[in-house]
Every structure is written in C-alpha cells, then in structure tokens.
A.B. asks: 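Below: one structure in structure tokens.
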Amino acid sequence: MSVGGTALVLAIALIVAAVAVVGAVVVLVVVLTRRRPSPPPAPAVPHDPFAPEQSVAGDPRTLKAGDMVEYLGTRYFVRGSLRLREGGFTWSEHLLDADTIEGQKVWLSVEEDPDLEVVFWTEYEIGDLRPGDRTVTVEGVEYRRDEHGTADYTSEGTTGVGVRGRVEYVDYEGPGGRYLSFEQYGGGQWEAGLGERVPAGTMTIYPGSG
C-alpha cells in the first residue's frame with residue numbers, strides 16, 4: 001500500500017473513533033439526565049391565620065365600584081368608594097346597593113389598625129341623637145366613645161358626597177363587635193350608622209370586570 005493510501009486509512013479511522021466518542025458522550029448525557037432525581041417539593045409556606053384571605057373569600061382591601069359582595073346570603077353591588085386619610089392612617093368605606101329596605105344606605109368599611117377589620121354598616125335614623133357623650137344607648141345597647149377626628153376623603157363612583165372633601169367622625173364601640181358611628185361631611189348634618197364586625201367566613205367578594 002502506498003503512503004497516500006495509508007494516510008487515508010488512518011484519517012478514516014480517526015474520524016470513526018471521534019464519531020464513536022461523541023456518540024458515547026451523548027448517550028451518557030441522556031442516561032444521566034434521565035437518572036437525575038426530581039427536586040424535592042417546596043416546603044409549605046406559613047400563613048397568618050388572621051390574614052384577610054383567611055377570614056373572607058377575596059381581599060376586601062381591593063374593593064372598588066363594580067365589585068359584588070355576598071354577605072349572610074344577600075348579594076350587594078359596590079356602587080362607590082370613599083378613600084379616607086387622617087395623617088398617615090388610611091381606610092375605605094364602600095356604598096353597597098342593597099335590595100333590603102328601600103332608601104336605606106348600607107356601607108362596608110375596611111381598615112387595618114393594625115389587623116384587618118371589616119364592618120357592615122346600616123344607616124340609622126338619627127332623630128335627636130347627637131355625638132358628644134362618653135356613652136350612648138341605642139336600641140338597648142350601650143356604646144362607649146372610642147375615637148373622634150377629621151379625615152380628608154376622595155370619592156369614586158356613586159357615594160352621595162362630593163369628589164373630595166373633609167369629614168368629621170365620632171366612633172363608639174359596643175359589646176360583641178357592634179359599633180355606632182357619627183359622620184358629618186363638609187360641616188353638614190350629622191349622619192349615623194350601626195355597624196357589626198364581619199365574622200370569619202361569612203363574606204365572599206366577586207371582582208367586577210373593570
């Protein structure tokens with residue numbers, strides 16, 4: 001065999017050997033990949049038992065006009081919202097479309113102080129009742145004065161008040177998660193409402209399409 005023929009045979013042999021090595025590497029990679037164990041499941045993340053998602057279905061802090069709220073078997077549409085601020089403290093009040101007593105206003109307040117508190121309010125005919133005393137008795141329930149202040153507000157949707165302004169409030173607290181609140185918008189007439197804290201698992205929030 002000539003020198004040229006020997007070189008050709010040697011080159012072919014080297015190419016075949018290289019292809020074989022590459023093939024072996026590919027097979028090894030495939031085998032190792034298939035044998036790689038699955039990653040362990042992520043550990044369960046601890047949850048705050050008093051977080052909003054644990055007490056209601058949906059986050060009441062995100063409520064806005066167009067959302068729907070179901071409470072104790074009755075569904076309400078959120079018609080509008082008041083966003084209130086007093087110093088560094090903020091909270092919201094939402095006007096609900098109630099199919100209960102015609103003309104009666106129903107509100108839902110949402111605040112964190114520091115825990116989340118959701119209160120369902122119904123309008124109360126104030127009559128001669130005015131805030132000021134340390135205790136006030138309404139329908140046989142005694143309420144004790146808790147807070148008094150003035151907050152700035154902005155209005156979204158339909159709320160019955162201006163786009164922005166100031167409101168003076170006087171809050172009373174009663175037994176068993178019951179409340180009495182007086183509000184005076186822009187120096188107008190005092191309005192009153194009776195409130196009850198929303199128990200865990202009794203409210204469902206359905207976000208609107210907007």
Side-chain angles (χ1 to χ4, degrees), residues 50-126 131 143 146-147 149-174 177-186 188-210:
F50 298 102
E53 62 271 16
Q54 303 302 322
S55 59
V56 295
D59 190 347
R61 294 170 300 186
T62 64
L63 274 174
K64 62 186 183 305
D67 292 347
M68 187 170 67
V69 172
E70 183 174 351
Y71 178 55
L72 299 181
T74 301
R75 292 187 175 185
Y76 307 87
F77 281 99
V78 179
R79 299 193 60 193
S81 304
L82 294 175
R83 311 296 181 180
L84 301 106
R85 175 181 297 274
E86 183 178 14
F89 183 63
T90 62
W91 70 99
S92 299
E93 296 179 2
H94 308 279
L95 177 62
L96 306 182
D97 184 20
D99 55 356
T100 53
I101 301 176
E102 185 177 357
Q104 184 184 47
K105 290 183 180 179
V106 181
W107 291 81
L108 195 71
S109 65
V110 181
E111 60 179 283
E112 290 179 284
D113 188 25
D115 295 328
L116 181 70
E117 183 177 75
V118 182
V119 179
F120 185 86
W121 297 89
T122 54
E123 185 180 32
Y124 180 75
E125 183 58 45
I126 194 171
Y143 298 86
D146 181 47
E147 291 183 307
T150 303
D152 296 308
Y153 70 83
T154 56
S155 176
E156 305 167 1
T158 299
T159 60
V161 299
V163 176
R164 60 181 51 85
R166 291 177 66 81
V167 56
E168 183 179 1
Y169 65 89
V170 184
D171 290 340
Y172 289 77
E173 186 171 352
R178 286 181 284 189
Y179 303 92
L180 168 67
S181 181
F182 295 88
E183 293 181 330
Q184 186 182 52
Y185 288 87
Q189 299 294 319
W190 283 103
E191 301 176 6
L194 295 176
E196 58 180 22
R197 186 183 300 119
V198 174
T202 59
M203 177 172 288
T204 304
I205 296 170
Y206 302 92
S209 58

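Throughout, residue positions are numbered sequentially from 1 according to the sequence presented. Everything quoted here is computed from the prediction, not taken from an experiment.
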A.B. asks: To the nearest 0.5 Å, how far apart are CG in D146 and OG in S181?
C.D. replies: 10.0 Å
A.B. asks: What closest approach, in Å, do K64 and S81 show between heavy atoms, and which atom pair accounts for it?
C.D. replies: CA-OG, 3.9 Å
A.B. asks: Give the ring-plane orientation class for W121 versus Y179, where under 30° counts as parallel, over 60° as perpendicular and anything between as tilted.
C.D. replies: tilted
A.B. asks: Over all heavy atoms of both residues, which pair between T159 and G80 is shortest? Give the atoms and the distance, please.
C.D. replies: CG2-C, 3.8 Å
A.B. asks: How far does OH of Y185 sit from OH of Y169, to the nearest 0.5 angstrom?
C.D. replies: 12.0 Å
A.B. asks: If the condition is salt bridge (charged side-chain N to carboxylate O under 4.0 Å, His left out), which residues does E147 pass it with, not counting sequence neighbours?
C.D. replies: none
A.B. asks: Closest heavy-atom contact between H94 and S92?
C.D. replies: NE2-CB, 3.6 Å
A.B. asks: Suppose we screen for ring pair (Phe, Tyr, Trp, His ring centres under 6.0 Å). Which residues come up paired with Y124, at least two apart in sequence or across chains?
C.D. replies: none
A.B. asks: Once you round to the nearest 0.5 Å, how far does CZ of F182 lie from CG of D171?
C.D. replies: 10.0 Å
A.B. asks: Which atom pair, heavy atoms only, marks the closest approach of G208 to D67?
C.D. replies: N-OD1, 2.6 Å
A.B. asks: Looking at residues at least two apart in the chain, or sitting in another chain, which of them share a salt bridge (charged side-chain N to carboxylate O under 4.0 Å, His left out) with E156?
C.D. replies: R83
A.B. asks: In the structure I gave you, are the side-chain heavy atoms of E123 and E191 within less than 4.5 Å of one another anywhere?
C.D. replies: no
A.B. asks: Are the side chain of Q184 and the backbone of G188 linked by a donor-acceptor contact shorter than 3.5 Å?
C.D. replies: yes
A.B. asks: Any chance you could measure D152, atom CG, to L82, atom CG, to the nearest 0.5 Å?
C.D. replies: 12.5 Å
A.B. asks: Any idea which heavy atoms bring G149 and E86 closest together, and the distance?
C.D. replies: CA-OE2, 3.6 Å
A.B. asks: Looking at side-chain heavy atoms only, is the closest gap between E111 and F89 below 4.5 Å?
C.D. replies: yes
A.B. asks: Could you check whether any side-chain heavy atom of L96 comes within less than 4.5 Å of a side-chain heavy atom of V78, counting everything from C-beta outward?
C.D. replies: yes
A.B. asks: Among F120, Y206, W107, Y71, find the one that has a ring pair (Phe, Tyr, Trp, His ring centres under 6.0 Å) with Y76.
C.D. replies: F120
A.B. asks: Should I126 and Q189 count as side-chain neighbours, where that means a heavy-atom distance under 4.5 Å?
C.D. replies: no
A.B. asks: Going from OG1 on T154 to CZ on R164, what distance comes out if it is rounded to the nearest 0.5 angstrom?
C.D. replies: 7.0 Å
A.B. asks: Mind running side-chain hydrogen bond (donor to acceptor under 3.5 Å, both in side chains) on E93 and Y153 for me, showing each step along the way?
C.D. replies: CA-CA 10 Å; E93 296 179 2; Y153 70 83; over 6 Å; no
A.B. asks: Closest approach of P60 and L116, non-hydrogen atoms and distance?
C.D. replies: CG-CD2, 3.8 Å
A.B. asks: Just wondering, do L108 and V198 contact through their side chains at under 4.5 Å, heavy atoms?
C.D. replies: yes
